[in-house]
Amino acid sequence: TAVAVNSTDERYTHLHGKTVLLPLTNREIPIIIDDVLVDPKFGTGVVKVTPAHDHNDYATGLRHNLPMINIFTETAHVNENGGKYQGLERFEARKKVLEDLTELGLLIETKPHKLALAISERTKVPVEPRLSPQWYVKIQPLADKAIAAVKEGKTTFVPETWTAVYMKWMEGIHDWCISRQLWWGHQIPAWFKVGADGKPDFESTPVVSRTKPPEGEWVQDPDVLDTWFSSGLWPFSTLGWPQKTEELKTFYPNSVMETGHDIIFFWVARMMMMGLHFMGEVPFRTVYLHAMVRDEKGDKMSKTKGNVIDPLDIILGAPAANLPGSIRNKYPQGLPAQGADALRFTLASLTQQGRDIKLSIDRIGGYRAFCNKIWNAARFAMMNLGDFTDDGSVFIKERSLSLADRWILSRLNRVTVATQAALTAYQFAEAASVLYQFLWGEFCDWYIELSKSALYGDDAHAKTSTRAVLVFVLDQVLRLLHPFMPFLTEEIWQKLPITRSVESIMIAPYPVEDARLHDAAAEAEMKPISQAIDGIRAIRGESNLSPALKIEAVIQSESQQVRESLDRWRSYVMPLTGLAKLSVTAMGVKPQQAAADIRSDMEIYVPLAGIVDLAEERERLKKEISKAEQEIAAINKKFENPRFVERAPPDVVEKDRARVIELTSRIEKLSENLRRIAPVEMRIAPPATGSVNLGDELRAEMSEASVSAGPDAQVTEALVQLRAGTKEGLTSRDHYDLGVAYMGMGLVDDAVREFNAAKDEVNTPNARPSVPSAPAKVKVKAPAKSKARAAVKAIKAPKKKAPAAAKKKVAVKAKAKKAVVKAKAKKAPVAAKKKKAVVKTKVKKAAPKKKGKR
RNA sequence: GGGCACAUAGCUCAGCGGUAGAGCACCGCCUUCACACGGCGGGGGUCGAAGGUUCGAAACCUUCUGUGCCCACCA
């Protein structure tokens with residue numbers, strides 16, 4: 001249609017205003033000057049212009065008033081405007097054009113050239129831009145109103161980051177083509193005169209009408225409206241518009257529009273424009289844009305990629321064979337059934353504002369376990385309600401309650417407030433998290449455990465109160481949870497044997513804050529109790545004590561309040577920590593041979609020499625000390641910088657100062673305890689090789705052989721008797737032998753005590769010269785080592801006596817045996833346990849035997 | 001090509017100026033009378049990289065790298 005050059009291109013200045021002859025059609029076309037279209041540095045600096053078949057050229061055509069010559073039919077064949085190429089398919093036509101140009105000697109060269117080509121998503125062939133009659137909506141006046149409404153805050157976006165997306169699109173908007181050549185949709189209500197071929201004559205002036213115009217031959221435009229044009233009417237067309245119905249009056253404008261951020265342009269923007277135009281008011285006050293679910297790599301799920309997970313496969317489970325390819329590869333075992341509530345709760349938990357969700361099957365599994373946990377907690381409650389059928393609300397306000405009761409009610413109130421706040425702020429993940437933590441971490445882990453003594457006890461009053469609280473909390477928390485887990489909560493709620501005001505949890509009132517439940521005193525009093533329980537549990541856990549083993553604990557505290565609370569609620573502490581005895585005292589003498597847990601306002605001791613592994617306890621203390629030291633170092637680094645004290649807010653500085661003092665005191669206490677249970681280092685001096693640490697060596701052997709006095713009650717008893725009998729009237733030799741025997745049992749600390757006793761005896765005139773004194777050390781000569789070894793061996797193979805001459809061989813054998821045990825232990829834990837059991841039995845026999853020897 | 005997000009423990013994610021957290025997975029002890037889809041305890045991170053602001057940065061700013069999404073006639 002034209003040939004364009006850049007005005008600054010001096011090569012072509014002489015051609016300005018002239019025309020050229022199009023060789024293949026002999027049409028005369030103008031040379032135009034267009035600096036927008038033509039880049040003089042690119043190619044020849046001359047470009048052909050086809051306004052009917054290219055977007056840029058179309059704009060150029062408008063600028064220069066060029067004719068729009070369409071050369072394609074709907075099927076991309078050359079039409080009557082294509083001269084001799086008429087009827088050819090587009091790719092054929094291109095080949096022919098090249099051939100003809102070559103033949104005429106007009107083709108100078110061909111060069112490969114990369115360009116962006118629009119490809120049809122459905123048919124995968126290049127799209128040919130082509131002029132055709134379409135309906136457009138003049139958009140600017142509509143957009144202006146839609147922009148103003150958001151700027152004025154009449155409608156807000158949540159998360160607000162999407163406001164910018166909406167604005168950018170609105171501000172750069174262009175007229176909206178609303179006609180579509182599809183098979184279904186709202187047919188455009190426009191009528192054209194019937195043309196010669198029986199089809200609409202698009203050149204005629206259309207009549208817009210719902211019904212056929214009465215006079216003349218008319219045919220309705222076959223096109224349908226863009227689906228978003230129809231959908232844009234949704235906020236009011238669904239409410240009876242254009243009639244002025246009650247529904248329309250009530251629900252327009254609506255409060256919250258909830259949708260995906262991928263259709264802000266398509267739908268939200270159109271609803272805004274349509275609503276403002278037809279109703280004169282925004283369609284909704286808030287637009288909440290939810291996260292989109294992606295696959296595990298963050299890619300959008302699509303059928304083409306084959307990465308779509310059907311929600312039903314997650315809910316109901318699916319064998320691998322039923323899954324699409326890429327999903328099957330990741331889950332070759334298929335998907336386990338997770339349930340609708342677990343899926344829903346997971347989605348809520350992962351819905352963080354402004355982010356998309358990478359769906360994690362594993363995480364759904366975690367919440368499935370949560371569903372199970374709730375179910376079992378409810379089962380526990382119902383099993384223990386007895387004949388209690390009240391909903392508890394009256395009881396909890398009129399009766400005196402236990403500390404645990406008051407505490408959980410206060411926590412419930414906090415959770416109610418937090419859940420409400422989160423929901424109001426559209427923080428669904430936060431709400432889900434709050435409820436999860438409360439239900440599992442507080443209600444199940446603490447309240448249910450604490451309630452057992454009352455429920456299983458004889459105090460009728462306490463029993464009834466606990467039942468009331470149990471059912472009340474459950475009822476309330478189920479309501480709070482209901483939006484996140486509709487099925488499970490309804491099921492349990494219906495099963496609760498309580499009187500209800502409504503027939504479904506769906507319409508039960510959502511819990512609101514109840515200031516009367518708030519109980520700061522109860523929460524404060526629970527603190528030392530949970531601290532004590534945590535501390536004792538930590539000692540047990542770190543020392544791998546069996547839960548069945550009853551232990552004693554001593555708790556010392558400077559705070560009288562703490563002591564009183566612990567004393568009053570010892571029935572909470574003892575069962576949760578498996579205590580046989582709990583002593584609560586003021587600060588004073590520390591129990592000997594005890595594991596310790598030092599807290600800021602209490603010190604917990606578990607005096608169990610021989611049962612708690614003091615070596616491990618020492619490691620634990622060292623670790624705690626090092627942790628505290630590291631923290632002090634980090635804080636001190638701050639203080640070294642003078643500007644920190646100078647410029648940081650006083651409260652921050654003060655907080656750090658206090659923390660240093662607290663940590664220092666903690667380190668002191670921990671170190672003190674470490675000293676108290678420190679083993680005395682023992683050295684033996686074998687003739688040739690120099691000194692060896694017998695304690696370490698034996699300990700290493702012991703642990704390799706898995707010899708343990710263990711938690712066995714009989715063993716414990718035997719040890720107590722043994723120790724009771726070693727206090728007085730023993731010779732140095734006796735102490736020495738006992739030390740060896742203790743070593744043999746792996747009780748290093750007891751052994752050390754005996755060796756030291758032996759050392760004391762040595763200082764008397766009758767002392768055995770083979771046990772010389774050394775400051776804070778016990779030196780034992782080689783024979784002692786062999787005896788110790790023999791003791792070890794006796795434990796391992798008690799019936800065989802090892803002659804002194806054969807000790808080396810035996811030692812080698814024993815080592816080989818140990819290696820076998822070790823290897824077995826790795827592969828077959830059951831076998832290792834059996835081995836251990838055998839060893840234990842021998843210890844039982846060995847201990848009283850020693851006693852008898854005295 | 002333009003725009004917007006995101007990058008924190010093996011995985012999925014919180015935290016968003018003042019002592020690095022959760023769930024799952026992992027390790028140890030336990031089939032204790034709601035729950036082994038469980039209980040208790042534990043190990044694991046120079047918070048993508050480099051600069052800058054600050055007394056102090058995982059967090060605020062800049063640049064870079066990587067990943068993803070949206071738009072692509074116009075931003």
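Residue numbering restarts at 1 for every chain, and letters A, B, ... go by the order of the sequence lines. Both backbone and side-chain heavy atoms feed into the values below; hydrogens, waters and symmetry mates do not.
Within 4.0 Å of A:A377, counting heavy atoms only, lies at least one base atom of the nucleic acid. Across all strands, A:K655 comes closer than 4.0 Å to no nucleic acid atom at all (heavy-atom distances). Counting any heavy atom pair closer than 4.0 Å across all strands shown, A:V165 reaches no nucleic acid atom. Among the heavy atoms of the strands lying under 4.0 Å from A:E542 are primed sugar atoms or P, OP1, OP2 only; no base atom is included. Using a 4.0 Å heavy-atom criterion, one finds that A:Y58 contacts no nucleic acid atom at all. At the heavy-atom level, A:R540 lies nowhere under 4.0 Å from the strands shown. Here A:P649 lies in heavy-atom contact (under 4.0 Å) with a base. Heavy atoms of A:F639 sit nowhere under 4.0 angstrom from any nucleic acid atom. Note on A:G172: a base of the nucleic acid sits closer than 4.0 angstrom, heavy atoms only.
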Inset, instruction - Show your reasoning for whether side-chain hydrogen bond (donor to acceptor under 3.5 Å, both in side chains) applies to A:N636 and A:E640. - result: CA-CA 6 Å; A:N636 278 341; A:E640 278 164 26; over 6 Å; no
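Proximity of A:R63 to A:V36: side-chain heavy atoms (C-beta onward) are separated by under 4.5 Å at one or more points.
By the neighbour-count criterion of 12 heavy atoms within 6.0 Å, atom CG of A:D458 is sparsely surrounded, having that number or fewer from other residues, nucleotides or ligands. At most 12 heavy atoms of other shown residues, nucleotides or ligands fall within 6.0 angstrom of atom CZ in A:F487.
In a base pair of the Watson-Crick type (N1 to N3 plus N6-O4 or O6-N4) or a G-U wobble (N1-O2 and O6-N3), with each distance short of 3.5 Å, B:rU62 is matched with B:rA50. As the counterpart of B:rG1, B:rC71 is assigned, both hydrogen-bonding distances of the Watson-Crick or G-U wobble pattern falling under 3.5 Å. For B:rG56, there is no paired nucleotide, since no Watson-Crick or G-U wobble pair has both relevant distances below 3.5 Å. Pair assignment for B:rG38 gives B:rC30, based on Watson-Crick or G-U wobble hydrogen-bonding distances that are each under 3.5 Å. Remark: B:rC24 base-pairs with B:rG10; criterion is Watson-Crick or G-U wobble with both hydrogen-bond distances under 3.5 Å.
Mapping A:L663 and A:N56 onto RNA chain B via the closest heavy atom, the residue that lands nearer the 5' end is A:L663. When the nearest nucleotides of RNA chain B are assigned to A:D362 and A:K627 by heavy-atom distance, the more 5′-ward of the two goes with A:D362.
Rounded to the nearest Å, the gap between the P atom of B:rA49 and that of B:rU54 is 23 Å. Spacing between B:rG15 and B:rA22 at atom C1', rounded to whole Å, works out to 11 Å. Nucleotides B:rA58 and B:rA50 are separated by 16 Å at their C1' atoms, to the nearest Å. Taking atom P on both nucleotides, B:rG56 is separated from B:rG21 by 23 Å, rounded to a whole Å. Comparing the C1' positions of B:rC30 and B:rA36 gives a spacing of 10 Å, expressed to the nearest Å. Rounded to a whole angstrom, the distance from the C1' atom of B:rG38 to that of B:rG23 is 16 Å. Here the separation of B:rC16 from B:rC60, taken at their C1' atoms, is 10 Å to the nearest Å. Comparing the C1' positions of B:rA9 and B:rG43 gives an interatomic distance of 11 Å, to the nearest angstrom.
Minimum heavy-atom separation, A:S349 to A:A432: OG-CB, 3.7 Å.
Of the charged side-chain nitrogens involved, at least one lies within less than 4.0 Å of a carboxylate oxygen, so that A:E491 and A:K495 count as a salt-bridged pair. A salt bridge links A:R659 with A:E662: the distance from a Lys NZ or Arg NE/NH1/NH2 to an Asp or Glu carboxylate oxygen falls below 4.0 Å. Ion pairing between A:R599 and A:D601 fails under the 4.0 Å rule for side-chain N and carboxylate O. Ion pairing between a basic and an acidic side chain is recognised when a charged N comes within 4.0 Å of a carboxylate O; A:D226 and A:R180 show such pairing.
The side chain of A:K358 lies closest to B:rC13, out of B:rG18, B:rC13, B:rG41. Checking B:rU32, B:rA34, B:rC24 against the side-chain heavy atoms of A:P547 singles out B:rU32 as nearest. Checked against B:rG3, B:rC4, B:rU19, the side chain of A:T161 finds its nearest nucleotide in B:rC4. Across B:rA75, B:rU12, B:rG41, the shortest atom-to-atom separation from the side chain of A:R537 is found for B:rG41. Comparing B:rC69, B:rC71, B:rG43 by their closest approach to the side chain of A:K623 singles out B:rG43. For A:F380, whose side chain is taken as the heavy atoms from C-beta onward, the closest listed nucleotide among B:rG18, B:rG43, B:rA34 is B:rA34. Checking B:rC71, B:rG3, B:rG41 against every side-chain atom of A:F265, the shortest atom distance belongs to B:rC71. When distances are taken from the side chain of A:H55 to each of B:rU19, B:rG18, B:rC73, the shortest belongs to B:rC73.
A:M485 contributes atom CE, which lies 11.0 Å from atom CG of A:L478 (distance to the nearest 0.5 angstrom). Separation of atoms CG (A:D356) and NE2 (A:H261) is listed at 4.0 Å; rounding is to 0.5 Å.
Because its NZ or CZ atom is both nearer than 6.0 Å to the ring centre of A:W176 and within 45° of the ring axis, A:R270 counts as a cation-pi partner of that residue.
Of the options A:F370, A:F443, A:F484, a ring-ring contact (aromatic ring centres under 6.0 Å, His included) to A:Y436 is made by A:F370 and by none of the others.
Taking atom CG of residue A:N636 and atom P of nucleotide B:rU19, one finds them 15 Å apart after rounding to whole Å. If you measure from atom CG of A:N372 to atom C1' of B:rC37, you get 5 Å, rounded to the nearest angstrom. Atom-to-atom, CH2 of A:W267 to P of B:rC71 comes out at 17 Å; the value is rounded to the nearest Å. Distance A:N384 CG to B:rC35 C1': 13 Å, rounded to the nearest Å. Atom-to-atom, CG of A:L488 to P of B:rC35 comes out at 17 Å; the value is rounded to the nearest Å. Between A:E619 atom CD and B:rC27 atom C1' there is a gap of 17 Å when expressed in whole angstrom units. For the pair A:M382 CE and B:rC33 P, the interatomic distance rounds to 20 Å; values are reported in whole Å. Straight-line distance from the CD atom of A:E430 to the P atom of B:rA14: 12 Å, rounded to whole Å.
With hydrogens and angles ignored, no donor-acceptor pair closer than 3.5 Å exists between the side chain of A:K300 and the base of B:rC69.
Shown for residues 437-450 of chain A: residues whose heavy atoms fall under 4.0 angstrom of RNA chain B, namely A:W440, A:C444, A:D445, A:I448, A:E449. Near RNA chain B, meaning a heavy atom under 4.0 Å from it, residues 363-371 of chain A has A:R363, A:R368, A:A369 in order of number.
In this pair, A:Y426 and A:Y288 present their aromatic rings parallel. The plane angle is below 30°, not in the 30 to 60° band.
Residue A:Y166 places none of its side-chain N or O atoms closer than 4.0 Å to OP1 or OP2 of B:rA75. Side-chain N/O atoms of A:K638 include none lying less than 4.0 angstrom from OP1 or OP2 on B:rU19.
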